Amino acid sequence: MSNSSSGFNFLLSREAAVEYMNCGKSIFSRVARVCKNDEGGSHKFSNRWTTFLKARLNCSLPGDYPFYFDNIQSTSSWHREGSARVFYAVFTTPTNSIPGSAVCRFSMDDITASFDGDFKTQASVNSNWLPLPSSAVPSPRPGGCHNSSSTLPESSLHFIANHCLMDKAVPSSPVFLRSGDSELLTRVVLHPGLRDLAGQARDLLYIGTNRGRVLRVALGTEGGDSTVLEEIQVFPADTPVMDLVLPSPSSPLLLVLSADTVH
């Protein structure tokens with residue numbers, strides 16, 4: 001995923017959460033960021049990114065004991081909502097947890113706030129991961145874009161090699177979820193600005209499942225609940241939906257893909 005206006009590239013992934021290792025192994029989803037003009041550093045850093053940072057994507061039900069959907073599965077493309085740039089992503093719970101999946105909405109503003117915030121650090125291998133004091137961050141602040149990355153001071157290069165994880169997670173709450181059974185969400189695509197019979201424009205999500213179905217969901221407006229408009233059995237129940245393709249934002253067609261079939 002890229003944001004050409006800011007000069008950054010973004011990557012979404014899952015990985016073992018190093019900041020959680022003292023409490024047992026867990027998988028977290030991340031958004032990583034690197035400058036498009038990053039050419040590597042000087043000397044021994046010549047083959048390493050000098051601007052690589054990453055932050056946790058927090059898709060969870062809020063509360064005193066949040067319920068987390070930690071495993072990212074797929075995303076929609078970027079979409080502009082007013083002045084905000086957003087995308088939607090499908091997450092599932094770990095295989096050893098209560099089965100469940102959710103679609104969460106993330107904004108570029110929240111992603112940027114995380115990367116502009118504190119870095120996370122660990123004083124020793126047995127210590128908790130904590131925010132790094134701003135006084136310990138070198139200048140210029142690591143992670144920003146520069147005209148020539150090979151001229152960055154070695155203090156910045158050493159810092160970014162050991163402090164690429166941000167302290168603040170990128171927050172989101174589910175706009176749609178399924179839990180309590182073995183049907184999990186797999187893919188999502190956004191169809192923006194469709195008008196209903198009353199003439200009101202609403203954004204729709206098409207969501208694939210591991211049971212061969214596609215859900216057509218109208219997103220709630222002004223914080224309201226999302227509504228399932230239709231559930232279509234496209235493939236047999238043992239055939240997961242592997243991808244969804246909307247040829248264009250105004251297209252009436254939706255392509256649904258399994259491992260070996262296109263509908």
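Both backbone and side-chain heavy atoms feed into the values below; hydrogens, waters and symmetry mates do not. Model, not experiment: these values are computed from the prediction.
Through direct or relayed side-chain contacts under 4.5 Å between Ile, Leu, Val, Met, Phe, Trp and Tyr, Val34 connects to Trp49, Phe52. Chaining together hydrophobic side chains whose heavy atoms lie under 4.5 Å apart leaves Ile27 on its own.
Annotation: the span from Arg105 atom CZ to Cys59 atom SG amounts to 13.0 Å, rounded to 0.5 Å. Distance check: Phe87 CZ to Ser74 OG gives 10.5 Å after rounding to the nearest 0.5 Å. In this structure, the separation between CG on Leu204 and CG on Leu190 is 8.0 Å, given to the nearest 0.5 Å.
Without hydrogens or angle criteria, Thr186 side chain to Val241 main chain gives a donor-acceptor distance under 3.5 Å. The main-chain N or O of His146 is found under 3.5 Å from a side-chain atom of Asn37 such that the two form a donor-acceptor pair. Judged by distance alone, the side chain of Arg14 and the main-chain N or O of Asn71 form no donor-acceptor pair under 3.5 Å. The main-chain N or O of Lys168 is found under 3.5 Å from a side-chain atom of Ser114 such that the two form a donor-acceptor pair. Between the side chain of Arg211 and the backbone N or O of Pro236 there is no donor-acceptor pair closer than 3.5 Å. Checking side-chain atoms of Thr50 against main-chain N and O of Gly40 turns up no donor-acceptor pair under 3.5 Å. In this structure, the side chain of Ser251 engages the main chain of Leu253 through a donor-acceptor pair within 3.5 Å. No donor-acceptor pair closer than 3.5 Å links the side chain of Ser150 to the backbone N or O of Gly41. Panel note: side chain Gln122, backbone Ser127; a donor-acceptor pair is recorded below 3.5 Å. Judged by distance alone, with hydrogens and angles left aside, the side-chain atoms of Arg85 form no donor-acceptor pair with the main-chain N or O of Met108 at under 3.5 Å.
Between Lys120 and Leu130, the closest side-chain pair of non-hydrogen atoms is not below 4.5 Å. Between Thr151 and Ser42 there is no side-chain heavy-atom pair separated by less than 4.5 Å. The shortest side-chain heavy-atom distance between Met166 and Lys54 does not fall under the 4.5 Å cut-off. Using a 4.5 Å cut-off on side-chain heavy atoms (C-beta onward), Leu257 and Val245 make contact. Side-chain atoms of Ile207 and Val217, non-hydrogen and from C-beta on, do get closer than 4.5 Å to each other. The side-chain heavy atoms of Trp129 and Asp167, taken from C-beta on, include no pair separated by under 4.5 Å.
Ring geometry for Phe10 versus Trp78: interplanar angle over 60°, hence perpendicular rather than tilted (30 to 60°).
Separation of the His263 and Phe235 ring centroids falls under the 6.0 Å cut-off. The distance between the ring centers of Phe119 and Phe159 falls below 6.0 angstrom. Remark: aromatic rings of His158 and Phe45 are close, center separation under 6.0 Å.
The salt bridge (charged side-chain N to carboxylate O under 4.0 Å, His left out) contacts involving residues 230-251 comprise Arg178-Glu231, Arg213-Glu231, Arg216-Glu230, where partners must be two or more places apart or lie in separate chains.
If you chain together hydrophobic residues whose side chains sit under 4.5 Å apart, Phe8 and Leu53 fall into the same group. Taking hydrophobic clusters as Ile, Leu, Val, Met, Phe, Trp and Tyr residues chained together by side-chain heavy-atom distances below 4.5 Å, Phe91 does not share a cluster with Leu185.
None of Leu246, Leu254, Asp203, Leu205 except one satisfies the side-chain contact (heavy atoms from CB on, under 4.5 Å) rule with His191; the exception is Leu246. Checked against Thr209 for a side-chain contact (heavy atoms from CB on, under 4.5 Å), the options Val90, Leu215, Leu184 give a single hit: Leu215. A side-chain contact (heavy atoms from CB on, under 4.5 Å) with Arg56 holds for exactly one of Val170, Leu165, Asp70; it is Asp70.
With a 6.0 Å radius and a threshold of 12 heavy atoms from other residues, nucleotides or ligands, Asn162 has its CG atom above the threshold. The neighbour count for Arg48 CZ, taken as heavy atoms of other residues, nucleotides or ligands under 6.0 Å away, does not exceed 12.
Between Tyr206 and Leu244, the shortest heavy-atom contact is O-CD1, 3.3 Å.
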What's the verdict on side chain to side chain contact (heavy atoms under 4.5 Å, CB included) for Leu12 and Leu57, showing C-alpha distance, side-chain angles and the deciding distance?
-> CA-CA 9 Å; Leu12 305 179; Leu57 291 172; 3.9 Å; yes
